[in-house]
Amino acid sequence: MNLYAYCLSDEATPDMIERAAGIEGANARLIEHESIKTVVSDFEGERARVTRENVFAHESIIHQILARTTPLPFRFGMVISAARLESYVATHRHALLAQLSRVRNAVEMSVKIIWDAEALKRAAVELTEGERIKSASEMTGPGAAFLAAKRREIAGSEALRKQGEEIAIWLQQRLGDTVRETSARVCPTEGMALAAAHLVERARLNQYRALIAEAREERDDLRFLMSGEWPPYSFCELIS
Amino acid sequence: MTGNPQLFKDDELSLLETLDHVLNRGLVIAGEITIAVADIDLIFVGLNVLLGSVETIDVVLGKRTKVTIEATRERVE
């Protein structure tokens with residue numbers, strides 16, 4: 001029999017997950033090694049199935065802990081033997097406690113900013129063409145046309161990257177010290193200017209939401225997708 | 001912003017955001033995560049109309065494959 005591990009905490013108590021059903025319907029429980037508690041459930045087999053029910057069960061169990069304290073969430077699919085888990089906690093005890101201190105009293109908030117990438121690229125290419133790039137129709141031969149198209153593509157991508165970075169800086173300035181830490185990806189996809197995760201103290205969540213609302217008002221050319229509160233998935237860099 | 005403001009349905013967005021977090025991030029114990037790529041494909045059925053989801057799938061599958069390969073390599077070594 002293996003275990004399915006959901007999260008780690010030094011403050012979790014059994015009442016936080018009383019009768020909570022986890023992956024494949026198994027009840028969640030706590031096991032403790034050297035003052036660090038791991039939320040687990042019994043698991044038959046070696047591999048968790050990625051189903052809608054299992055994904056939400058994984059998240060639901062961790063959210064029950066998050067409602068009372070901030071745990072370190074495991075990535076989905078953490079099937080492990082009891083002995084291996086105990087060894088991991090013992091080996092990484094100090095690093096895990098440091099990570100728990102880092103995220104204590106905070107939650108993760110997610111902001112994705114979406115833009116009209118095609119319009120931005122067109123505008124950038126038009127500007128660049130005015131300076132030096134001839135359009136493909138003005139070039140002769142398929143090779144020249146290909147190169148011209150390639151240069152337009154690069155100009156568009158560079159413009160997107162630059163504007164994405166400006167948006168990231170702008171948002172960071174708007175949020176100021178409301179966020180404890182930020183983990184951001186600029187232009188993770190062409191349609192997205194920014195995917196940011198913010199570690200926000202629980203006591204400042206209302207302030208954070210108000211600032212995001214203000215930012216949204218300020219930039220009606222962008223679309224904001226905010227979600228949370230999440231466990232600090234983006235602030236668990238500990239790799240064994 | 002131009003474009004369709006109702007591109008997402010709430011439940012789809014909720015699932016996509018949850019997937020983005022639970023499959024792509026979080027604490028990892030090397031060598032212990034094993035998820036079949038085929039399983040991931042199943043859960044994304046119906047989500048590919050969402051903005052960015054195709055790219056997200058690529059990223060998730062890419063990283064997941066990498067994790068599995070790296071994990072396997074560690075065990076072999």
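Lettering follows sequence order; numbering is per chain, from 1.
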Can you say whether [X] sits under 4.5 Å from chain B via the side chain, the backbone, both, or neither, judging by heavy atoms?
X	value
A/Gln99	neither
A/Ala197	side chain
A/Ser234	both
A/Ile62	neither

Quiz prompt | Electrostatic pair A/Glu166-A/Lys162, nearest N-O below 4.0 angstrom | solution = yes
Self-check item: Counterpart residues, side chain to side chain contact (heavy atoms under 4.5 Å, CB included), relative to A/Arg161 (two or more places apart)
Solution: A/Glu165, A/Val186, A/Cys187
Quiz prompt | For A/Arg209, side chain to side chain contact (heavy atoms under 4.5 Å, CB included) partners two or more places apart | solution = A/Met109, A/Leu205, A/Asn206, A/Met226, A/Glu229
Exercise. Using the six-membered ring wherever Trp is involved, compare the ring planes of A/Phe74 and A/Tyr88 and label them parallel, tilted or perpendicular (cut-offs 30° and 60°).
Key: tilted
